[in-house]
Amino acid sequence: MAERYEDSYLYRLRHSAAHLLAQAVTELYPGAKLSIGPPIENGFYYDIEFPEPLREEDLPALEAKMKELAKLDQRIERSEVSREDARALILDSSIPCMGSEVAEYKLQLLDAVPEGEKISFYNQQRTDREGVQHRFLDLCRGPHVDSTKEIKAFKLMSIAGAYWRGDVKNKQLTRIYGTAFETKEELEAHLEMIEEAKRRDHRILGRELGLFMFSPRVGVGLPLWLPKGAQLRMTMIDFLNKEQMRRGYLPVVTPHLGNAKLWDVSGHTIAYKDKMFPFMVDDEKETFILKPMNCPFHIEIYRSSLRSYRDLPVRLAEMGTVYRYEQSGEVAGIMRARGFTQDDAHLFVRPDQLVEEFTLVVDLIQAVLSKLGLQNFRARVGTKDPNSDKYIGHDENWELATNAIFEACQAKGLDYEVSPGDAAFYGPKLDIVIKDALGRDWQMGTVQVDYNLPERFELEYIGEDSKPHRPIMIHRAPFGSLERMIGLLTEQYAGAFPFWLSPVQIAILPIADRHNEKAHELFVRLRDEFGYRCEVDDRRETLGKKIRDNQMQKVPYMLILGDKDIEAGTVGVRSREEGDLGAMSLEELVKSTVS
RNA sequence: GCCUCAGUAGCUCAGCGGUAGAGCACUUCAUUGGUAAUGAAGAGGUCACGGGUUCGAUUCCCGUCUGAGGCUCCA
């Protein structure tokens with residue numbers, strides 16, 4: 001079994017690098033208040049309150065100071081002390097980096113150490129050749145490496161603001177991000193990997209491949225889909241619709257806005273208000289809102305007829321475009337837009353169907369992820385945070401719902417982690433989390449169990465006993481959103497989508513003008529007889545130029561058409577991955593090659 | 001919303017107190033080409049926007065907008 005990162009030498013090294021950073025900060029910026037500095041997935045950070053704002057151009061000097069301090073070969077030593085002694089140390093202004101002026105956060109951290117737990121400090125010190133004393137002492141659980149000289153390969157990456165203890169109400173500290181590795185080679189490789197990831201950034205590829213664009217004249221976070229991106233969406237929608245039809249889903253279509261009263265009933269106008277676009281009040285004094293979710297509309301459709309227990313489950317599906325007023329700093333290209341389309345559906349089920357229906361949804365999600373070629377995902381069960389009051393509904397229903405999710409995951413052999421506080425405000429959920437090229441987590445598919453909206457909207461079905469009963473709702477979106485999924489897939493494949501997804505599957509390249517007519521005939525055949533998405537590149541350019549351009553557009557196949565081919569009744573086939581495949585007939589091409 | 005950074009031609013970027021430059025893309029001309037860029041010419045910019053400093057601002061300062069990386073929040 002592999003060693004856990006938390007137990008590794010690298011983890012200790014990065015933790016010590018964070019201390020080294022803090023030591024450099026205290027020497028260069030007296031009065032800086034230290035808070036916390038942990039190792040993280042790809043490096044470390046330290047959160048610090050500076051007397052003057054720190055700027056990015058200050059980082060090289062800090063890095064140089066760190067190098068100098070590292071070379072001093074300061075021994076890093078642990079000591080355990082009593083709570084009283086810890087307090088005294090933190091307030092001892094004779095120690096560099098300590099003293100009452102800079103103790104604010106360290107004292108709070110000390111108070112947060114649970115009673116009975118050991119309190120430890122890590123100390124590193126050395127007098128340099130000029131006789132200057134260097135010392136750094138930090139309240140810290142550890143562990144660390146033995147000496148600062150082990151910290152050789154590191155780099156300070158960036159500066160960011162971060163709220164003390166992650167709470168917006170607190171002061172914002174300056175977070176310095178850095179990374180460290182055991183060797184210079186590993187550090188270089190990591191930096192190279194980041195560069196590579198930037199090259200496959202979905203925003204860059206999205207423009208280069210003609211998938212989507214943004215215009216400030218349209219508005220923040222509102223993508224415009226270009227022909228090739230729109231084709232990609234349609235292909236994904238077709239695929240999902242077929243999967244859903246096989247599973248008994250029924251299509252519905254609902255408007256983009258509706259009467260706010262609906263959302264009063266659902267609870268959105270209260271719980272979700274700051275995420276909604278400004279309300280629209282018309283002459284009749286009716287208020288309309290742009291829908292941030294599709295649920296209330298689907299609920300109205302459910303309510304439109306009297307439902308029997310025999311009718312359930314009712315599964316209403318819609319590609320529903322919703323609008324959420326994300327804070328300006330939160331929009332992120334297509335991954336986090338203000339208008340986006342959910343592959344949404346709402347399932348109205350009897351209590352005895354809940355686990356089975358949830359299981360079928362998990363099955364659908366697994367099928368979708370597998371078809372899209374997404375293997376590296378995590379499943380996360382978001383449960384209620386017992387300390388928060390943002391949730392609605394009864395505790396016993398929350399428990400029933402949460403248990404149903406666990407049961408369904410176990411039935412489908414889906415490994416999951418539990419994340420308290422990640423539930424929706426109306427119920428617990430199962431989320432699929434996938435990393436992008438830069439290693440950032442994105443929530444993709446989601447399934448949510450909801451006892452609350454059926455209650456608020458007084459949903460009913462007539463049971464076997466001819467009495468009304470209350471259904472349970474399942475909200476689910478296997479992609480999560482089309483926008484985010486396309487962004488993720490673009491990075492995943494670096495723009496080279498699998499054949500079935502490629503906006504243009506086959507490019508036909510006539511060599512000279514006199515081949516254009518045949519090229520267009522071929523185009524029509526491939527489109528109408530075989531259903532392929534094709535393009536003819538009849539620009540007056542050389543073949544080499546056309547090949548290069550279509551290769552950069554990541555078109556899976558190019559068909560080259562010249563005198564030789566027309567005479568022989570063949571085409572020259574070139575594959576995106578394998579290059580020139582030689583001449584073949586159309587039948588050969590369709591049968592054995594294109595896929 | 002907050003912290004840091006950035007905004008020069010459609011795209012990628014250089015320049016930096018004396019009113020702008022390259023490559024690609026675009027247009028025109030020549031070339032009709034066999035597996036990753038044919039050659040030449042031309043056209044393109046209120047240097048994001050608004051103020052200020054200055055004889056003079058794309059360049060320095062302030063504000064706004066937009067984008068990026070984080071934080072908070074989320075599909």
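Just so you know, these numbers come straight off a predicted model, no measurement behind them. Each chain gets a letter, A, B and so on, in the order its sequence line appears, and its residues count up from 1.
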* Structure fact -> Once base and sugar-phosphate atoms are separated, protein heavy atoms under 4.0 Å mark nucleotides 62-70 of chain B, 5' to 3', with B, S and - as ----SSSBB
* Could you write nucleotides 34-50 of chain B as a row of B, S and -, 5' to 3', where a protein heavy atom under 4.0 Å of any base atom gives B, of only sugar-phosphate atoms gives S, and otherwise -? -> BBBBS------------
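Distances shown here put a side-chain N or O of A/Arg514 below 4.0 Å from the OP1 or OP2 atom of B/rG33.
Shown for residues 45-62 of chain A: residues whose heavy atoms fall under 4.0 angstrom of RNA chain B, namely A/Pro53, A/Leu54, A/Arg55, A/Glu56.
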Shorter than 3.5 Å, N or O on both sides, protein versus nucleotides 12-14 of chain B: list them out with atom names.
| residue | atom | partner | partner atom | Å |
| --- | --- | --- | --- | --- |
| B/rU12 | OP1 | A/Arg207 | NH2 | 3.1 |

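By the 5.5 Å and 30° criteria, A/Phe340 is stacked with the base of B/rA75.
The residue A/Lys429 sits close only to the backbone: its heavy atoms come under 4.0 Å of sugar-phosphate atoms, none of a base. Within 4.0 Å of A/Met444, counting heavy atoms only, lie sugar-phosphate atoms of the nucleic acid but no base atom. If you check every strand for non-hydrogen atoms under 4.0 Å, A/Gln327 touches a base. Residue A/Glu326 is classed as a base contact, given a heavy-atom separation below 4.0 Å to a base.
Taking atom C1' on both B/rA57 and B/rA40, the two are 38 Å apart, rounded to the nearest angstrom. With both ends at atom P, the span from B/rG50 to B/rG44 equals 22 Å, rounded to whole Å.
A/His256 pairs by the side chain to side chain contact (heavy atoms under 4.5 Å, CB included) definition with A/Thr321, A/Tyr323, not counting sequence neighbours. For A/Pro428, the side chain to side chain contact (heavy atoms under 4.5 Å, CB included) partners are A/Trp398, A/Ala401, A/Thr402, A/Ile405, not counting sequence neighbours.
Looking at A/Arg315 and A/Glu357, a side-chain N of the basic residue comes within less than 4.0 Å of a carboxylate O on the acidic one, giving a salt bridge.
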* To do: Determine, step by step, whether A/Asp363 and A/Arg247 satisfy the salt bridge (charged side-chain N to carboxylate O under 4.0 Å, His left out) criterion, reporting the C-alpha distance in whole Å, the side-chain angles of both residues, the deciding distance to 0.1 Å, and the verdict.
  => CA-CA 10 Å; A/Asp363 179 75; A/Arg247 289 168 163 85; 2.9 Å; yes
